[in-house]
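See below for the structure under consideration.
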Amino acid sequence: MANNTLSSLLPILLASSTLFFFTTLSTAKTHDRFSKTLSPQKLGLNKQKLTHLHFYLHDTLSGKNPTAIKVAEAKTTNTSSTGFRTVVVMDDPLTEGPEPSSKLVGRAQGLYALASQNEIGLLLVFNYVFIKGEYNGSTLGILGRNAVFSTVSKVREFPIVGGTGIFRFARGYAQARIHKVDPKTGDAVLEHSVYAFHY
Ligand SMILES: *[C@@H]1O[C@H](CO)[C@@H](O)[C@H](O)[C@H]1NC(C)=O
Ligand SMILES: *[C@@H]1O[C@H](CO)[C@@H](O)[C@H](O)[C@H]1NC(C)=O
(Lines give C-alpha, C1' and ligand atoms only; values in the text may rest on other atoms or scores of the structure.)
(Ligands and ions follow the chains in the order given, each with its own letter.)
Protein backbone atom coordinates (compact mmCIF):
# COMPACT_ATOMS: atom_id res chain seq x y z
CA MET A 1 0.00 0.00 0.00
CA ALA A 2 1.47 3.33 -1.05
CA ASN A 3 2.05 5.96 1.60
CA ASN A 4 -0.39 8.52 0.18
CA THR A 5 -3.14 5.93 -0.12
CA LEU A 6 -2.49 5.11 3.52
CA SER A 7 -2.74 8.74 4.65
CA SER A 8 -5.99 9.27 2.74
CA LEU A 9 -7.35 6.19 4.49
CA LEU A 10 -6.21 7.43 7.89
CA PRO A 11 -9.33 9.46 8.87
CA ILE A 12 -11.55 6.51 8.07
CA LEU A 13 -9.34 4.18 10.02
CA LEU A 14 -9.23 6.54 12.99
CA ALA A 15 -12.99 6.76 13.02
CA SER A 16 -13.48 3.06 12.81
CA SER A 17 -12.87 0.14 15.09
CA THR A 18 -10.04 -1.08 12.89
CA LEU A 19 -7.72 1.40 14.64
CA PHE A 20 -6.34 -1.35 16.83
CA PHE A 21 -5.49 -3.49 13.81
CA PHE A 22 -3.85 -0.49 12.12
CA THR A 23 -1.60 0.40 15.08
CA THR A 24 -0.60 -3.22 15.53
CA LEU A 25 0.30 -3.44 11.86
CA SER A 26 2.32 -0.23 11.88
CA THR A 27 4.35 -0.93 15.06
CA ALA A 28 5.21 -4.36 13.77
CA LYS A 29 6.67 -2.75 10.66
CA THR A 30 8.38 0.38 11.90
CA HIS A 31 10.61 1.46 14.75
CA ASP A 32 9.78 4.95 15.90
CA ARG A 33 11.61 6.97 18.55
CA PHE A 34 9.12 6.06 21.25
CA SER A 35 8.70 2.32 21.12
CA LYS A 36 9.94 -0.86 19.61
CA THR A 37 9.63 -4.58 20.09
CA LEU A 38 12.65 -6.33 21.59
CA SER A 39 13.58 -9.95 21.90
CA PRO A 40 13.97 -10.92 25.59
CA GLN A 41 17.46 -12.29 24.73
CA LYS A 42 18.56 -8.78 23.81
CA LEU A 43 18.15 -7.83 27.50
CA GLY A 44 19.94 -10.99 28.61
CA LEU A 45 16.65 -12.57 29.69
CA ASN A 46 17.47 -16.12 28.77
CA LYS A 47 16.48 -18.60 31.38
CA GLN A 48 14.12 -17.97 34.28
CA LYS A 49 15.56 -18.90 37.69
CA LEU A 50 13.85 -19.68 40.96
CA THR A 51 15.65 -18.28 44.02
CA HIS A 52 14.86 -19.07 47.63
CA LEU A 53 15.90 -16.61 50.36
CA HIS A 54 15.67 -17.21 54.08
CA PHE A 55 16.20 -14.59 56.78
CA TYR A 56 14.76 -13.06 59.94
CA LEU A 57 13.00 -9.69 60.19
CA HIS A 58 13.29 -7.68 63.39
CA ASP A 59 10.29 -5.43 63.97
CA THR A 60 10.98 -3.23 67.01
CA LEU A 61 8.24 -0.96 68.28
CA SER A 62 9.62 -0.15 71.74
CA GLY A 63 12.76 1.43 73.19
CA LYS A 64 14.94 4.30 72.06
CA ASN A 65 15.39 3.13 68.48
CA PRO A 66 12.12 1.67 67.22
CA THR A 67 12.28 0.42 63.62
CA ALA A 68 8.53 0.73 63.05
CA ILE A 69 6.75 3.95 64.00
CA LYS A 70 3.15 5.08 63.79
CA VAL A 71 3.10 8.19 61.61
CA ALA A 72 -0.60 8.82 61.10
CA GLU A 73 -4.05 8.02 62.30
CA ALA A 74 -7.54 9.47 61.91
CA LYS A 75 -9.33 11.40 64.62
CA THR A 76 -11.66 8.43 64.91
CA THR A 77 -8.97 5.71 65.05
CA ASN A 78 -9.29 5.51 68.85
CA THR A 79 -12.90 4.36 68.42
CA SER A 80 -11.77 1.24 66.52
CA SER A 81 -10.83 -1.94 68.38
CA THR A 82 -8.78 -3.03 65.36
CA GLY A 83 -6.72 0.16 64.98
CA PHE A 84 -8.45 0.78 61.66
CA ARG A 85 -7.04 3.94 59.94
CA THR A 86 -3.51 3.76 61.42
CA VAL A 87 -0.38 4.06 59.27
CA VAL A 88 3.06 2.82 60.37
CA VAL A 89 6.40 3.34 58.59
CA MET A 90 9.09 0.70 59.04
CA ASP A 91 12.76 0.14 58.32
CA ASP A 92 13.33 -3.31 59.80
CA PRO A 93 16.70 -5.10 59.68
CA LEU A 94 16.87 -8.51 58.00
CA THR A 95 19.46 -10.92 59.37
CA GLU A 96 20.74 -14.40 58.50
CA GLY A 97 19.88 -15.88 61.88
CA PRO A 98 17.26 -15.00 64.50
CA GLU A 99 19.62 -13.15 66.87
CA PRO A 100 19.71 -9.36 66.40
CA SER A 101 23.52 -9.58 66.28
CA SER A 102 23.38 -12.01 63.35
CA LYS A 103 24.78 -10.89 59.97
CA LEU A 104 22.71 -8.18 58.27
CA VAL A 105 21.50 -9.21 54.79
CA GLY A 106 19.15 -6.29 54.10
CA ARG A 107 16.22 -4.28 55.35
CA ALA A 108 12.45 -4.26 54.92
CA GLN A 109 11.48 -0.67 54.14
CA GLY A 110 7.99 0.59 53.62
CA LEU A 111 4.75 0.94 55.45
CA TYR A 112 1.72 -0.83 56.74
CA ALA A 113 -1.77 0.44 57.26
CA LEU A 114 -4.39 -1.06 59.54
CA ALA A 115 -6.97 -1.57 56.86
CA SER A 116 -9.56 -3.89 58.40
CA GLN A 117 -12.57 -2.89 60.53
CA ASN A 118 -13.32 -6.39 61.84
CA GLU A 119 -9.91 -7.83 62.76
CA ILE A 120 -6.32 -6.64 62.90
CA GLY A 121 -5.60 -6.64 59.18
CA LEU A 122 -2.52 -4.98 57.77
CA LEU A 123 -2.04 -3.77 54.24
CA LEU A 124 1.71 -4.20 53.66
CA VAL A 125 3.56 -2.15 51.06
CA PHE A 126 7.32 -2.53 51.34
CA ASN A 127 10.59 -3.49 49.66
CA TYR A 128 13.16 -6.01 50.75
CA VAL A 129 16.38 -4.05 50.16
CA PHE A 130 19.29 -6.47 50.06
CA ILE A 131 22.95 -5.73 50.82
CA LYS A 132 24.48 -9.19 50.92
CA GLY A 133 26.98 -10.24 48.23
CA GLU A 134 25.60 -10.44 44.70
CA TYR A 135 22.21 -9.21 45.98
CA ASN A 136 23.61 -5.89 47.22
CA GLY A 137 21.43 -3.11 45.77
CA SER A 138 18.70 -5.41 44.49
CA THR A 139 15.14 -5.17 45.79
CA LEU A 140 11.93 -7.18 45.85
CA GLY A 141 8.58 -5.39 46.15
CA ILE A 142 5.82 -6.75 48.39
CA LEU A 143 2.17 -5.81 48.28
CA GLY A 144 0.22 -7.95 50.67
CA ARG A 145 -2.07 -8.48 53.61
CA ASN A 146 -1.33 -9.73 57.10
CA ALA A 147 -4.25 -10.76 59.28
CA VAL A 148 -2.01 -10.70 62.36
CA PHE A 149 -4.16 -12.79 64.70
CA SER A 150 -5.73 -15.07 62.11
CA THR A 151 -5.82 -18.69 63.25
CA VAL A 152 -6.50 -20.08 59.77
CA SER A 153 -2.77 -20.59 59.31
CA LYS A 154 0.38 -19.76 61.28
CA VAL A 155 2.07 -18.79 58.06
CA ARG A 156 1.44 -15.41 56.46
CA GLU A 157 1.89 -15.15 52.72
CA PHE A 158 2.57 -12.05 50.65
CA PRO A 159 2.86 -11.64 46.88
CA ILE A 160 6.07 -10.39 45.31
CA VAL A 161 4.96 -7.92 42.68
CA GLY A 162 8.31 -7.07 41.11
CA GLY A 163 11.95 -6.33 41.70
CA THR A 164 15.09 -4.49 40.66
CA GLY A 165 18.70 -5.41 39.94
CA ILE A 166 19.09 -9.19 40.06
CA PHE A 167 15.35 -9.39 40.64
CA ARG A 168 14.13 -7.55 37.53
CA PHE A 169 10.86 -9.06 36.27
CA ALA A 170 10.49 -10.90 39.61
CA ARG A 171 7.32 -12.52 40.78
CA GLY A 172 6.71 -14.96 43.58
CA TYR A 173 5.72 -15.05 47.19
CA ALA A 174 7.09 -14.58 50.68
CA GLN A 175 6.05 -16.55 53.76
CA ALA A 176 6.43 -15.21 57.29
CA ARG A 177 6.21 -17.07 60.60
CA ILE A 178 6.53 -15.66 64.09
CA HIS A 179 9.84 -16.72 65.59
CA LYS A 180 9.54 -14.70 68.79
CA VAL A 181 7.25 -11.98 70.04
CA ASP A 182 7.31 -9.93 73.23
CA PRO A 183 3.67 -9.75 74.34
CA LYS A 184 4.29 -6.57 76.35
CA THR A 185 5.92 -4.44 73.68
CA GLY A 186 4.86 -6.19 70.49
CA ASP A 187 8.51 -6.36 69.39
CA ALA A 188 8.78 -9.35 67.06
CA VAL A 189 11.27 -11.48 65.19
CA LEU A 190 9.73 -13.05 62.10
CA GLU A 191 11.19 -15.83 59.98
CA HIS A 192 10.83 -15.03 56.28
CA SER A 193 11.06 -17.51 53.44
CA VAL A 194 10.97 -15.99 49.96
CA TYR A 195 10.49 -17.72 46.60
CA ALA A 196 11.12 -15.56 43.55
CA PHE A 197 11.19 -16.28 39.84
CA HIS A 198 13.52 -13.93 37.97
CA TYR A 199 16.16 -14.04 35.25
C1 LIG B 1 -10.56 9.88 70.80
O2 LIG B 1 -9.70 11.01 70.73
C3 LIG B 1 -10.38 12.25 70.73
C4 LIG B 1 -9.32 13.33 70.58
O5 LIG B 1 -8.63 13.17 69.39
C6 LIG B 1 -11.19 12.41 72.00
O7 LIG B 1 -11.91 13.62 71.94
C8 LIG B 1 -12.15 11.25 72.15
O9 LIG B 1 -12.79 11.32 73.41
C10 LIG B 1 -11.40 9.92 72.06
N11 LIG B 1 -12.35 8.82 72.05
C12 LIG B 1 -12.16 7.70 72.75
C13 LIG B 1 -13.22 6.66 72.60
O14 LIG B 1 -11.19 7.51 73.47
C1 LIG C 1 26.95 -2.62 48.78
O2 LIG C 1 27.29 -1.76 47.73
C3 LIG C 1 27.65 -0.46 48.15
C4 LIG C 1 27.83 0.39 46.91
O5 LIG C 1 28.63 -0.24 45.96
C6 LIG C 1 28.92 -0.56 49.00
O7 LIG C 1 29.30 0.72 49.44
C8 LIG C 1 28.64 -1.45 50.18
O9 LIG C 1 29.82 -1.64 50.94
C10 LIG C 1 28.11 -2.80 49.73
N11 LIG C 1 27.67 -3.54 50.91
C12 LIG C 1 28.05 -4.79 51.14
C13 LIG C 1 27.54 -5.37 52.43
O14 LIG C 1 28.72 -5.42 50.38
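Throughout, numbering of the chain's residues begins at 1 and tracks the sequence.
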*asked:* Quick check for you: to the nearest 0.5 Å, what is the distance between K47 atom NZ and K49 atom NZ?
replied: 9.5 Å
*asked:* Under 4.5 Å between side-chain heavy atoms, counting indirect links through other Ile/Leu/Val/Met/Phe/Trp/Tyr residues: same cluster for V181 and V148 or not?
replied: yes
*Polar side chain donor-acceptor pair, Q109 to D91, under 3.5 angstrom*: yes
*Going by the ring pair (Phe, Tyr, Trp, His ring centres under 6.0 Å) test, name the single residue among F169, F167, Y135 that passes it with H198.*
F167
*Are any of the side-chain heavy atoms of L53 and F130 separated by less than 4.5 Å?*
yes
*Is there a side-chain contact between E157 and Q175 (heavy atoms, below 4.5 Å)?*
yes
*Is it true that V87 and V125 fall in one hydrophobic cluster, defined by side-chain heavy atoms closer than 4.5 Å?*
yes
*asked:* Counting C-beta onward and ignoring hydrogens, is there a side-chain heavy-atom pair between L143 and L123 closer than 4.5 Å?
replied: yes
*State, yes or no, whether a side-chain contact exists between S116 and R145 at a heavy-atom distance under 4.5 Å.*
yes
*Considering residues, nucleotides and ligands other than I178, do more than 12 of their heavy atoms fall under 6.0 Å from its CD1?*
no
*Close side-chain approach of S80 and R85, heavy atoms under 4.5 Å*: yes
*Measure up the H192 and F55 rings against each other and bin them: parallel (under 30°), tilted (30 to 60°), perpendicular (over 60°).*
parallel
*Quick one: do E191 and K154 make a salt bridge, cutoff under 4.0 Å?*
no
_Within the 4.5 Å heavy-atom criterion, are T67 and M90 side-chain neighbours or not?_
no
*asked:* Would you say Y195 ends up clustered with I160 if hydrophobic residues are merged whenever their side chains have heavy atoms under 4.5 Å apart, either directly or through other cluster members?
replied: no
*Side chains of D92 and H58: closer than 4.5 Å at any heavy-atom pair?*
no
*Looking at side-chain heavy atoms only, is the closest gap between I142 and V161 below 4.5 Å?*
no
*Step by step, work out the side chain to side chain contact (heavy atoms under 4.5 Å, CB included) result for L104 and I131.*
CA-CA 8 Å; L104 192 72; I131 61 162; 3.8 Å; yes
*Between D59 (side chain) and D187 (backbone), is there a donor-acceptor pair under 3.5 Å?*
no
*Could you state the interatomic distance from CZ (R107) to CG (L94), rounded to the nearest 0.5 Å?*
8.0 Å
*asked:* Would you say F197 ends up clustered with L140 if hydrophobic residues are merged whenever their side chains have heavy atoms under 4.5 Å apart, either directly or through other cluster members?
replied: no
*How many angstroms lie between atom CG of L114 and atom CG of L122, to the nearest 0.5 angstrom?*
5.0 Å
*Take V89 and I69 through the test side chain to side chain contact (heavy atoms under 4.5 Å, CB included) and record every step on the way to the result.*
CA-CA 5 Å; V89 173; I69 300 175; 5.8 Å; no
*Do the side chain of S138 and the main chain of I166 share a donor and acceptor less than 3.5 angstrom apart?*
yes
_Parallel, tilted or perpendicular: rings of H52 and H54 (30°, 60°)_ = tilted
*Kindly work out whether a path of hydrophobic side-chain contacts (I/L/V/M/F/W/Y, heavy atoms less than 4.5 Å apart) joins V71 to L124.*
no
*List the atom of T95, the atom of S102, and the distance in Å for their closest heavy-atom pair.*
CG2-O, 3.5 Å
*Donor-acceptor contact present, side-chain N127 to main-chain V129, <3.5 Å*: no
*Could you tell me whether Y112 and F126 have their ring centroids closer than 6.0 angstrom?*
no
